[in-house]
Trainee: 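Before we start, here is the structure in question, set down as structure tokens.
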Number of protein chains: 2
Amino acid sequence: MRISELCDVSGVPLPSIKYYLREGLLPPGERTAANQADYGQQHVQRLKLVRALLEVGGLPVATAQRVIQAIDDDELPLTYVFGVAQYAISDGRVFDEVESGAGLETVDDLVDERGWTVSADNPGRFGAARVLDALDSLGHGHIAEYLPQYAEAAETIARADLATLGHHDDRADMAENVVVGTVLGDTLIQSLRRLAQENESNRRYPVGENQ
Amino acid sequence: MRISELCDVSGVPLPSIKYYLREGLLPPGERTAANQADYGQQHVQRLKLVRALLEVGGLPVATAQRVIQAIDDDELPLTYVFGVAQYAISDGRVFDEVESGAGLETVDDLVDERGWTVSADNPGRFGAARVLDALDSLGHGHIAEYLPQYAEAAETIARADLATLGHHDDRADMAENVVVGTVLGDTLIQSLRRLAQENESNRRYPVGENQ
DNA sequence: GCTATCCGATAGTTACACTATCCGTTATGC
DNA sequence: GCATAACGGATAGTGTAACTATCGGATAGC
């Protein structure tokens, strides 16, 4: 199909499709002439993935490009794809200036307590440390007391995450599952947390007893 | 103290402080003359909160302003503060065009199964529906099979969230706890998920067996 | 009294994600 | 066979967000 049809089918504005092509989010169509190219079903699918990562997952374009490259790179082991996807969501905010400090120590203690095996450069390590430091300086350090509960929940989530991979046979599908599960999974978990929060709040403070 | 001292103490660039004052993220100092104002310890504290919401929580400025207003509004019941904080993080991406569809139905079924009591306009309801629809159209609808596990984790998280409130006596502290816990809590949970994912991945596919 | 600093207002900057236009070329309907 | 609509690629422009810089008039403090 031609680019205008791709536009019709996907609902994505044509200038945006051209933009994604320029940025490498979408592979170029097969050239049939100097000014003609042919797009297939895989382009429709890829476009869906791109829009999901951008709109639902909230990734910036440059980051989406990196995770898509990771999916497409057949040489990259799945564990690395996980790493790329994880880096993708922890967009820089995290890495900066968290080199030492009480937060990092608390995180490392937690990792030890739970017997987790993680590498020192896991972005979650710095992200969690950053949050703990911020909570402490804001006078809400007591929230850290509930770290074991949060960690317990994180384990449950991670087990489900890995279990979803069992539904695929080939690497390409699994890699896409990893990326989609990691990126959209974050949004899903946030959403479920909103629902569970309201429910728990209602349970503790039934209507009419609002303070 | 004067604005330049506030800048020194907080480490926030002076032009940024002026910007936050303009945008209402920071209350104006007490005017002592036509071109002089006095800032106190509460300004230092508020500035920390603002930076934490923006940098660690990743909120846009306009949204941070809304949640800070919610904290300061003594008339607003705590349950409403929860609502404002929840809306804050689900920034628009979620509300649009999720009026009906299979995803919403699946979410409502899940809410029923777990016996949750939530209002129809909880942003998490639309956010989760949006993710489920996206997963389905991407051919990863099987991830929805693990919804109960994710919901279980969300319950654990929400229980911890509400438990943190027990450490405060007055409304202002609790309101800030709600906002900080909701906004920074999301970042914390994401980070712990990264760690747990790597650990679970290592458990399932020990080093040397990477495919 | 002189200089550094202040406040408030306005204008400029950077980054991002598009969106629009232009140009030469090619498909397509009559 | 030819007019015209659509195409691909390049370049330029737009809108928003979050700062950042400058300016003008007033004041603090030595």
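Labels below follow one simple rule: chain letters A, B, ... track the order of the sequence lines, proteins then strands, and each chain is numbered from 1. Below, all heavy atoms of this structure are taken into account, side chains as well, without hydrogens, waters or symmetry copies.
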Trainee: Round to the nearest Å and state the distance from B/Arg31 atom CZ to C/dC6 atom P.
Mentor: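 In whole Å, C/dC6 P lies 14 Å from B/Arg31 CZ.
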Trainee: For A/Asp161 and A/Thr182, which I'm curious about, is there any donor-acceptor pair between the side chains at under 3.5 Å?
Mentor: no
Trainee: Are A/His140 and B/His167 an aromatic pair by the rule of ring centers under 6.0 Å?
Mentor: no
Trainee: Let me know, please, whether A/Arg51 or A/Thr32 comes out on the 5' side of the other along DNA chain C by nearest nucleotide.
Mentor: A/Arg51
Trainee: Find the distance B/Gln36:CD to C/dT5:P and express it as a whole number of Å.
Mentor: 12 Å
Trainee: Salt-bridge test for A/Arg194 and B/Asp186: reply yes if a basic N is under 4.0 Å from a carboxylate O, no otherwise.
Mentor: yes
Trainee: Could you tell me how far apart B/Asp38 (CG) and C/dC6 (P) are, to the nearest whole angstrom?
Mentor: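 To the nearest whole Å, that distance equals 12 Å.
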Trainee: Using whole Å, what does the distance between atom P of nucleotide C/dA4 and atom CG of B/Leu14 come to?
Mentor: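 Distance, rounded to whole Å: 17 Å.
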Trainee: Would you kindly say whether B/Glu23 and B/Gln65 are connected by a side-chain donor-acceptor distance under 3.5 Å?
Mentor: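 No.
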Trainee: Taking 5' to 3' order, which nucleotide of DNA chain D is first and which is last to have an atom within less than 4.0 Å of a heavy atom in chain B?
Mentor: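 It runs D/dA18 to D/dA28.
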Trainee: When you check the gap from the basic side-chain N to the acidic O, do A/Arg159 and A/Glu155 get nearer than 4.0 Å?
Mentor: yes
Trainee: Specify the residue among A/Tyr20 and A/Asn35 whose closest nucleotide of DNA chain C lies further upstream toward the 5′ end.
Mentor: A/Tyr20
Trainee: Which is more 5' along DNA chain D, the nucleotide nearest B/Pro13 or the one nearest A/Tyr39? Just name the residue.
Mentor: A/Tyr39
Trainee: Classify A/Ile3 by what it touches in the nucleic acid, base, sugar-phosphate, or nothing, heavy-atom distance under 4.0 Å.
Mentor: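 Touches sugar-phosphate only.
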Trainee: Assess whether a salt bridge exists between B/Asp72 and B/Arg46, defined as any Lys/Arg side-chain N lying under 4.0 Å from an Asp/Glu carboxylate O.
Mentor: yes
Trainee: Would you kindly give the CZ-to-C1' distance between A/Arg22 and C/dT21, to the nearest whole Å?
Mentor: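 Value for this atom pair: 12 Å.
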Trainee: Expressed in angstrom and rounded to an integer, what is the separation of A/Leu59 atom CG from C/dC16 atom P?
Mentor: 14 Å
Trainee: Whole angstrom is fine here: how far is it from CD1 in B/Ile17 over to P in C/dG8?
Mentor: 13 Å
Trainee: Report the distance from atom OH of B/Tyr19 to atom C1' of C/dC7, rounded to the nearest whole Å.
Mentor: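 Answer to the nearest Å: 19 Å.
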Trainee: Would you kindly compare B/Arg2 and B/Lys18 by the position of their nearest DNA chain D nucleotide and give the one closer to the 5′ end?
Mentor: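 On the 5' side of the pair lies B/Lys18.
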Trainee: Please check if atom CD in B/Glu145 has more than 12 non-hydrogen atoms from other residues, nucleotides or ligands closer than 6.0 Å.
Mentor: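 Yes, the 6.0 Å shell around CD holds more than 12 heavy atoms from other groups.
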